[in-house]
Amino acid sequence: MEKIETKLKSNLSVFFIFSFIVLGICNAHSQTVFYDSINKQKYALIDVRKTYERVIDKGYNSIEMFEYLGNYYYESKDFEKSKLYFDILFKKYKLSQISPKSIALYKTL
């Protein structure tokens with residue numbers, strides 16, 4: 001019984017150490033930490049656009065990601081990238097699944 005408990009404790013400690021290392025690496029790449037001047041608390045700004053593009057490059061995607069990127073680039077006046085993401089969105093998903101805002105913006109491109 002004592003062997004099982006010590007083995008379990010060592011496995012848990014390895015798991016927690018590994019988790020903290022992975023979380024530290026992930027956080028370092030996806031956000032910037034700032035300090036609030038009034039309350040002296042940390043807050044993070046995450047660049048959602050960059051994060052979504054990295055996720056899509058790895059082969060994962062969703063309707064929300066393509067819609068967000070298409071809308072983001074449309075509002076940033078980068079119509080080529082906007083059209084690229086909207087084209088992928090409209091080829092991959094049904095019209096009933098796409099938001100009316102994205103449909104309206106795509107028609108103007």
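The residues of the chain are indexed from 1 along the displayed sequence. All of these numbers come straight from a predicted model, not from anything done at the bench.
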Intermediate values then yes/no, salt bridge (charged side-chain N to carboxylate O under 4.0 Å, His left out), Lys101 and Glu75: CA-CA 12 Å; Lys101 179 183 176 185; Glu75 291 169 6; 3.3 Å; yes
Could you go through the side chain to side chain contact (heavy atoms under 4.5 Å, CB included) check for Asn61 and Tyr93 one step at a time? CA-CA 11 Å; Asn61 51 52; Tyr93 299 100; 3.5 Å; yes
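Atom NZ of residue Lys81 and atom CD of residue Glu53 lie 5.5 Å apart, to the nearest 0.5 angstrom. Expressed to the nearest 0.5 Å, how far CG of Asn71 lies from CG of Leu89 amounts to 9.0 Å.
Residues meeting the salt bridge (Lys or Arg N to Asp or Glu O under 4.0 Å) test with Lys92, sequence neighbours left out: none. Remark: Ser62 engages Glu64 in a side chain to side chain donor-acceptor pair (under 3.5 Å) (not counting sequence neighbours). Under the ring pair (Phe, Tyr, Trp, His ring centres under 6.0 Å) criterion, Tyr72 pairs with no residue, sequence neighbours left out. Applying the side chain to side chain donor-acceptor pair (under 3.5 Å) test to Lys83 and every residue at least two apart in sequence or in another chain returns Asp87. Every residue two or more places apart in sequence or in another chain was checked for a side chain to side chain donor-acceptor pair (under 3.5 Å) with Ser96, and none qualifies. Contacts of Asp78 classified as side chain to side chain donor-acceptor pair (under 3.5 Å), with partners at least two apart in sequence or in another chain: none.
Looking at heavy atoms from C-beta onward, Ile98 lies out of side-chain contact with Phe66 at the 4.5 angstrom threshold. At least one side-chain heavy atom of Ile56 sits less than 4.5 Å from a side-chain heavy atom of Leu69.
More than 12 non-hydrogen atoms from other residues, nucleotides or ligands lie less than 6.0 angstrom from CD of Gln97.
Under the 3.5 Å distance criterion, the side-chain polar atoms of Ser102 are left unmatched by any main-chain donor or acceptor of Glu67.
Follow the hydrophobic side-chain contacts under 4.5 Å out from Ile46 and you never reach Tyr68; the two are in separate clusters.
For the side-chain contact (heavy atoms from CB on, under 4.5 Å) with Tyr85, the lone residue among Tyr52, Tyr73, Phe90, Tyr106 that qualifies is Tyr73.
Nearest approach of Gly70 to Ser82, heavy atoms of both residues: O-OG, 2.8 Å.
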